[in-house]
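I have placed the structure first, in the form of structure tokens, so that the comments after it can refer back to it.
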Amino acid sequence: MISNDVLNHSCEHVLAAAIIKLFPSAKLAMGPQTHANGFYYDIDIEEPITLSDLSNIELEMRNIIAKDIPFEKFNVTKEEACKIFEKLNQDYKKEILDWIPDKNIILYRNDNFIDLCRGPHLPSTGAIRAFKLLNIAGCYWRADKNRKVLQRISGIAFLSEDELNLHLLRIDEIKKRDHRKIGSKLNLFLVSNPLIGPGLITWLPNGSLIRMGIENFLRKEHFENGYDAIISPHIAKLDLWKISGHWEFYCENMFSPMKIDDQEYILKPMNCPFHILAYKSKPRSYRELPIRFCELGTVYRYELTGVLHGLMRARGFTQDDAHIFCTWDQVDQELDNIINFILKVLKKFGFFKFEINLSTMPKKYVGNLEHWKRAEKSLEQAILRHGITYTIDTGGGAFYGPKIDLKLKDSLDRSWQCSTVQLDFNNPERFDLNFMNSTGLSERPVMIHRALLGSLERFIGILLEEYTGALPFWIAPEQIRILTIADRHTEYAKKIEQILIKKNFRTKISKENDKLGAKIRDAQMDKIPLMLVIGDKEIEQENVTIRTRKGENLGLKNEHELLAYCESLM
RNA sequence: GCCGGUAUAGCUCAGUUGGAAGAGCAACUGAUUCGUAAUCAGUAGGUCAUCAGUUCAAAUCUGAUUAUCGGCUCCA
């Protein structure tokens, strides 16, 4: 059984050999196989490679594969390797040799192409059955922006044409589902208006309905789970961010201060300081704990223009944020509640597969070590109690405490990080938070930051891609469209519309002077979950005919049956 | 921010060697009153992203700016 890693790795050597043949002056940098089933090679080459060059390179690669050249492994000393790459004029390889501690170096050879490589490889190039070059990109040597920009050619290899085609279909499917395309087709949001600015989102009526639907759902759930609401401003004095430590540790993600009345203010990158001050607004007793403050808080973070991506990565976004203030004894129970809450909410949106990442103390951190260890342990045990598989990201925590991130898996098997739970014993310290314990002594509470969906914008992006815009009934901006056969049916249609609106369903009457077929087509294109057809027959029997987005005709229903059916979809 | 693409009507896109700005859909107007994915006809819609430059002549060539897309974590 040949692993994908070995296959991709070998294909990458074929790519390098092809490039050297076509561009003899090219200097090869590095070319590992990627995590996502593929390979790339970074090369330093004078002339820019364009997409049209890829087919030539592919052609040369096919030649090499057709010749079925064996991969020969051989050992040399570092000095010998250095001489070989000197002769081949491969400076980057010589640099890589410097980082390798071993005295003996493994090289691989195909024909007259030699590369520095640990292997393993396929026996020969002929074993590569299917591959494709996908992309060209620029990137820095060793990801260091002070060093030379190289050209990266990336591609993918498989053991069979079928697998390759499946993969290409998947790439196609991902492109088709791009939330930015769906968003503009369905008039959901503006994200690229040059007068508003990059990474800033304006919700159009239908998009606003989706967002408000989610917000209403979240509010209801939070109140049922013992949270209290906070509403905080979008800017605050720089001093606040100095106390919280953000100005010191997070300033590269914050927008520059603005001057108001000789004081410096900052657009908020987080909601927590406001919730902390809300906690501090009066003396607290142990009887009040845990205190759970929630807010759909819009935050602004500076992101490099190059990393902005529709709703998925924006400069202004709204978090379903909450901060829980509790005693150390209450932490475990609270963590359990939060994980249950997260799973419940994500399942409501149709996500059932998850992964968890536990991120531990980073190099840049505040607080004492003992608290860090205790907090990391609490988080780990909370995960274990829920039996979800998890991985540990050493050093990936926030500067003020460790965290767990929950990723959901979508139907194309992509994972998205949404939920996050962070323990914080630093801010209570910084802001001098207290409560009176049962023995009359002042004690310091622990703080838990958590978000369920993360950013509403991003989550809606994920939903749109998951459902290709055809959102479930309960969250669809327009749930029901009423289609009349002829003008004389409009009056009855309006009556049905009023009945539905009174029950809080979102519905519209199709206004076009079109045939039924055209109205159905429009509704299908607009991804409306339910259509009600009204003609002579329906009016006569005081019924409507229900047609679903999937094309099912559910037949005639009276008012009561219609409402019951709609209710069942909520 | 950096590297490389891209920018033409609301949307999807044509536009040849530099020589009069195009189509389909959407919109609007009129006719049609129709039973489960497109009725017909007509009208209107543009500083070819912006600003400079080359040229007798620029959507087309050059430069800058803006926006946008793909990358910039994986260590032989």
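Letters go in sequence order (proteins before strands), and every chain restarts at 1.
Comment: E80(A) does not engage K83(A) in a salt bridge, judged by the lack of any side-chain N to carboxylate O separation of less than 4.0 angstrom.
Between the side chains of D44(A) and Y92(A), a donor-acceptor pair is found at a separation under 3.5 Å. No side-chain donor from either of T490(A) and T484(A) sits under 3.5 Å from a side-chain acceptor of the other.
Comparing U8(B) with C61(B), their P atoms are spaced 15 Å from each other, to the whole Å. For G24(B) and A9(B), the P atoms lie 16 Å apart once the distance is rounded to whole Å. The same atom, C1', is picked in U73(B) and in U12(B); the two are 36 Å apart, to the nearest Å. The gap from the P atom of U60(B) to that of G15(B) amounts to 15 Å, rounded to the nearest Å. When the P atom is compared between A21(B) and A59(B), the two are found 8 Å apart, to the nearest whole Å. Taking atom C1' in both U36(B) and A23(B), one finds a spacing of 31 Å when rounded to whole Å. As rounded to the nearest Å, U33(B) and U16(B) have C1' atoms that lie 48 Å from one another. Look at the C1' atom in both C25(B) and U50(B): the space between them is 28 Å, to the nearest Å.
Distances shown here put every side-chain N or O of R180(A) at or beyond 4.0 Å from the OP1 or OP2 atom of U68(B). Remark: H309(A) is in phosphate contact with G70(B), judged by side-chain N or O atoms under 4.0 Å from OP1 or OP2.
Within the 4.0 angstrom heavy-atom criterion, base atoms lie near R547(A). Heavy atoms of T545(A) sit under 4.0 angstrom from at least one base atom. Among the protein residues, G535(A) comes within range of the nucleic acid bases, having at least one heavy atom under 4.0 Å from a base atom. Residue contacts shown for K185(A) are absent, as no nucleic acid heavy atom lies under 4.0 Å away. Residue contacts shown for D514(A) include a base, since a base heavy atom lies under 4.0 Å away. Heavy atoms of E538(A) sit under 4.0 angstrom from at least one base atom.
Taking atom CD of residue E12(A) and atom C1' of nucleotide C75(B), one finds them 11 Å apart after rounding to whole Å. Per the geometry, NZ belonging to K181(A) stands 16 Å off C1' belonging to C25(B), to the nearest Å. Protein atom CD1 of I156(A) is 13 Å distant from nucleotide atom P of G71(B), rounded to whole Å. In this entry the distance linking CG of D522(A) with C1' of A37(B) reads 9 Å, nearest Å. Counting to the nearest Å, the P atom of U36(B) and the CZ atom of R481(A) are 18 Å from each other.
Of the candidates R180(A), H179(A), R177(A), E465(A) forms a side chain to side chain donor-acceptor pair (under 3.5 Å) with just one, namely H179(A).
The base of G1(B) is not paired with the side chain of E303(A) by any donor and acceptor separated by under 3.5 Å.
Using a 4.5 Å heavy-atom cutoff, the side chains of P477(A) and L471(A) are in contact.
Distance from the side chain of K515(A) is smallest for U39(B) among the nucleotides U39(B), A37(B), G1(B).
Classification of the F158(A)-H167(A) ring pair by plane angle, with boundaries at 30° and 60°, yields tilted.
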